[in-house]
Amino acid sequence: MSNRWTLLLSLVILLGCLVIPGVTVKHENFKTCSQSGFCKRNRAFADDAAAQGSSWASPYELDSSSIQFKDGQLHGTILKSVSPNEKVKLPLVVSFLESGAARVVVDEEKRMNGDIQLRHDSKARKERYNEAEKWVLVGGLELSKTATLRPETESGFTRVLYGPDNQFEAVIRHAPFSADFKRDGQTHVQLNNKGYLNMEHWRPKVEVEGEGEQQTQEDESTWWDESFGGNTDTKPRGPESVGLDITFPGYKHVFGIPEHADSLSLKETRGGEGNHEEPYRMYNADVFEYELSSPMTLYGAIPFMQAHRKDSTVGVFWLNAAETWVDIVKSTSSPNPLALGVGATTDTQSHWFSESGQLDVFVFLGPTPQEISKTYGELTGYTQLPQHFAIAYHQCRWNYITDEDVKEVDRNFDKYQIPYDVIWLDIEYTDDRKYFTWDPLSFPDPISMEEQLDESERKLVVIIDPHIKNQDKYSIVQEMKSKDLATKNKDGEIYDGWCWPGSSHWIDTFNPAAIKWWVSLFKFDKFKGTLSNVFIWNDMNEPSVFNGPETTMPKDNLHHGNWEHRDIHNVHGITLVNATYDALLERKKGEIRRPFILTRSYYAGAQRMSAMWTGDNQATWEHLAASIPMVLNNGIAGFPFAGADVGGFFQNPSKELLTRWYQAGIWYPFFRAHAHIDTRRREPYLIAEPHRSIISQAIRLRYQLLPAWYTAFHEASVNGMPIVRPQYYAHPWDEAGFAIDDQLYLGSTGLLAKPVVSEEATTADIYLADDEKYYDYFDYTVYQGAGKRHTVPAPMETVPLLMQGGHVIPRKDRPRRSSALMRWDPYTLVVVLDKNGQADGSLYVDDGETFDYKRGAYIHRRFRFQESALVSEDVGTKGPKTAEYLKTMANVRVERVVVVDPPKEWQGKTSVTVIEDGASAASTASMQYHSQPDGKAAYAVVKNPNVGIGKTWRIEF
């Protein structure tokens, strides 16, 4: 190793020792609600309203004379009474969408017209930020053709019927303004029911002269310049927050609003046993060694909340890119003694407030979790269908130190016969932290490294962050400055902050010219040393600024169009990902492959372009346990391509913890091991036996089930369904399961996994909601009993995994070095019969690389077992590329069919009849029936039925 590299590494490790806290996050770096002016004000506003009770009158009313309704849209003006003589005009638009969603937007007339004065001679925009939808929404905005005004039955109300068969109703109250959203005559979502609507209108700062003068105005201590952590926010527009209470009557559980290291079912935030004192915060930030069971902000923000009760799911999406807090309070009413059979009901009241921007809320009335996912996905986009390699195993650490190191890791995976698909490089591969370069001493020959990986069809991911080193001889930064493509400070000069390279500037990816330039940087002739098997990791894109307030940019920084950073903060990360996605599409003319990007910062819509992970976790059992609800929550919030660093980023896991983490990590949609530069090397082949073999078996199980995983990814890409699903999503009628967040279902496969997340455990308790039979994946032990926890053996070498009766599970059983090398391997179909002797399943296959599937180059089959026959039928749609693709797949066959719990009459049978489309005659295949001792289901194996995976066929038993 070179002296230069040794010195650099020593300095990095020394720096790491100085800055890495031993235990937990530095709370003093991040605001509490009482330190965030607008949060404190909105909470106080709610407290004041609650204290006044029934005498409280919300100062907002809808001017009845202003109401107009046309083509599925209601327009009007809300008047805010500031004093007996002053009313502020707030334009209202309520849109009723063809999808069944409703959208409520409230703006401020004076700001819309630019009729305000900014302080400090600021160059900032005067309007409320109204461009979030440009980055977030991609469809689903068609106005309803059937929404109609109901004839007015009482004055002071406007009623609109909308949704499927007009079963939804919006009841808009004029004074005080509020809106109730009903389904089938019952209210499910209420806006401003508590009267917490609060739009801080523009007002000039009045300088009061003379110390002795009586000041009668409100407390203005948090209205104007506001300081925290040595930084002063100049707030040129003054106070401008928006707040609203959203109530879910009759709903006890609410989920969503990631990212937080907390339970799936969100807790109350006004104290009490087991609850939080602080609201849930959404303000994307680099939170070092985050703590668990906390409403603290993390790296991403999706302000989408679902409320669920027995057989009913509703939701709201708060489209606002500024810092946002959410309070949650639950109130339980006593049962009515005169209403027989009616028990106590719980209402969940949420209170949302953002620092700036419009009030823009979407309301979804379900009634199922699946319909919520689909409607929300139509708006913000469905999960990308990634390249196939991306759903396999990724090997990463900070850092692989040379190109020879990477090659050696690659060889060792092969030597120990452990499959993997992707190896990653953190920041040390660059030349002195300059992105789009390679360190000439430690990575002198990146091409040969990439070529070695390509021999096994493996990929490389390199990190590219948005901060660009400010160094005179660095051509990238010089070009960015000369073309005026960087983010500005409040005075309109290029912002300079501190990140990994030291003094840095930030690409402003809100600027179309900056996006175009960024796209050019990734071309193979520009980013020298990269081949087509290199993909990208966008980290630190909150953005992380080491010397900035709350480790990010000052809020009064300016972006393209002179929007303040406060307005756009939470979408900052996805604008970079959006630009990187475009860049990967255009690296080489005529060579279009699906991009793969990992992002740390995200917002609604990021699912269209990237995967995410839960950031800098710790090698503790508690962090392992927390990763499961975090991944599940991201999935139901529309971004299911999620994972956590396997093994924990900070600290060194024990062999047991590392092994159990791999057994859990194979159930993350994004499956990557990662570790801090100060940790011991922990590639699976370095771990002593028996743990090495157990980890290898877990990784191979992921690879065996890749056909099921890819099918689940496809389902997410066309209807927004989570890839791994929580208990309430799979069984929306079972109240006992609504808060369960330590087990998960893989797509629609019926596979139910319960990762072991506690030390020295030898069993796992799996909760079964329904009375269907469940079978152990490995030995077919039967578990049955609705609403019960079943104890499943979980010794160290075992992954607790059950199969729900009624499913057909596709898999590939031949282990290979990488997933791409399995492309032409035959399939095994596991047919798990239900109580009625039936099963159903599906398989989606395409080339795993290109966008040809959009032109029909894919196989989509439905497998059904009924009346003693297994049938494969085509559920795809033909396109111009279908025939060509089917030809390439003609030799890919089904080599085995395993039927779990077959009829006893099959005992003694030795063959089955196979009828394949296009075959001249029926054929037979051998079958073996296997009896098992009591407690384990029998099974039958059909060997080599030799039917094409892309063909229509029937196997008769």
Practice problem: For side-chain contact (heavy atoms from CB on, under 4.5 Å), just list the numbers for Phe317 and Met305, CA-CA rounded to whole Å, side-chain angles, deciding distance to a tenth of an Å, and then say yes or no. | Solution: CA-CA 6 Å; Phe317 173 46; Met305 179 183 283; over 6 Å; no

Practice problem: Could you walk me through whether His188 and Ser312 pass the side-chain contact (heavy atoms from CB on, under 4.5 Å) test, one step at a time? | Solution: CA-CA 9 Å; His188 290 269; Ser312 180; 3.7 Å; yes

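- Remark: the Tyr162 side chain and the Glu98 side chain contain no N/O donor-acceptor pair separated by less than 3.5 Å.
- At most 12 non-hydrogen atoms from other residues, nucleotides or ligands lie less than 6.0 angstrom from CD of Gln68.
- With 3.5 Å as the limit, one finds no donor-acceptor pair spanning the side chains of Ser241 and Glu355.
- In this structure, a donor-acceptor pair under 3.5 Å is absent between the side chains of Gln607 and Thr383.
- At a cut-off of 3.5 Å, with distance as the only test, no side-chain donor of Tyr728 or Asp741 sits close to an acceptor on the other residue.
- A cation-pi arrangement, defined by a distance under 6.0 Å to the six-membered ring centre and an angle within 45 degrees of its axis, is absent between Arg725 and Tyr745.
- Between the side chains of Asp63 and Thr77, no donor-acceptor pair is found at a separation under 3.5 Å.
- If you run side chain to side chain contact (heavy atoms under 4.5 Å, CB included) between Tyr251 and each of Val314, Thr313, Thr346, Val189, only Val314 comes through.
- Aromatic ring orientation, His714 versus Tyr844: parallel (interplanar angle below 30°, classes split at 30° and 60°).
- Checking Tyr602 against Asn284 by side-chain atom types alone, no donor-acceptor pair falls below 3.5 Å.
- No hydrogens or angles considered: a donor-acceptor pair under 3.5 Å links the side chains of Gln804 and Asp770.
- Using modelled atom types and a 3.5 Å distance limit, the side chains of Trp135 and Glu133 yield no donor-acceptor pair.
- Remark: the Thr375 side chain and the Ser99 side chain contain no N/O donor-acceptor pair separated by less than 3.5 Å.
- For the 3.5 Å distance criterion, the side chains of Ser81 and Lys87 qualify, holding a donor opposite an acceptor.
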Practice problem: Decide yes or no on side-chain contact (heavy atoms from CB on, under 4.5 Å) for Phe248 and Val316, but give the supporting numbers first. | Solution: CA-CA 10 Å; Phe248 304 101; Val316 294; 3.9 Å; yes

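- For the ring-ring contact (aromatic ring centres under 6.0 Å, His included) with Phe45, the lone residue among Phe353, Trp56, Phe38 that qualifies is Trp56.
- Side-chain contact of Gln306 with His308: a donor-acceptor pair under 3.5 Å is absent, judged by distance alone.
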Exercise. Assess whether side-chain contact (heavy atoms from CB on, under 4.5 Å) is satisfied between Leu90 and Tyr60, documenting all intermediate values.
Key: CA-CA 9 Å; Leu90 306 171; Tyr60 298 84; 3.6 Å; yes

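- No donor-acceptor contact under 3.5 angstrom links the side chains of Gln384 and Ser717, judged on distance only.
- Looking at Thr324 and Trp318, their side chains come closer than 4.5 Å, going by heavy atoms from C-beta outward.
- Classification of the Tyr376-Phe304 ring pair by plane angle, with boundaries at 30° and 60°, yields parallel.
- With 3.5 Å as the limit, one finds a donor-acceptor pair spanning the side chains of His253 and Ser265.
- Residues satisfying the ring pair (Phe, Tyr, Trp, His ring centres under 6.0 Å) test with Tyr196, not counting sequence neighbours, are His351.
- Counting heavy-atom neighbours within 6.0 Å of Lys267 NZ, excluding the residue itself, gives a total above 12.
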Exercise. Give the C-alpha distance, both sets of side-chain angles, the deciding distance and a yes or no for side chain to side chain donor-acceptor pair (under 3.5 Å) between Asp327 and Thr269.
Key: CA-CA 6 Å; Asp327 262 321; Thr269 60; 2.5 Å; yes

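- Residues Asp48 and Gln52 have side chains that bring a donor and an acceptor to within less than 3.5 angstrom of each other.
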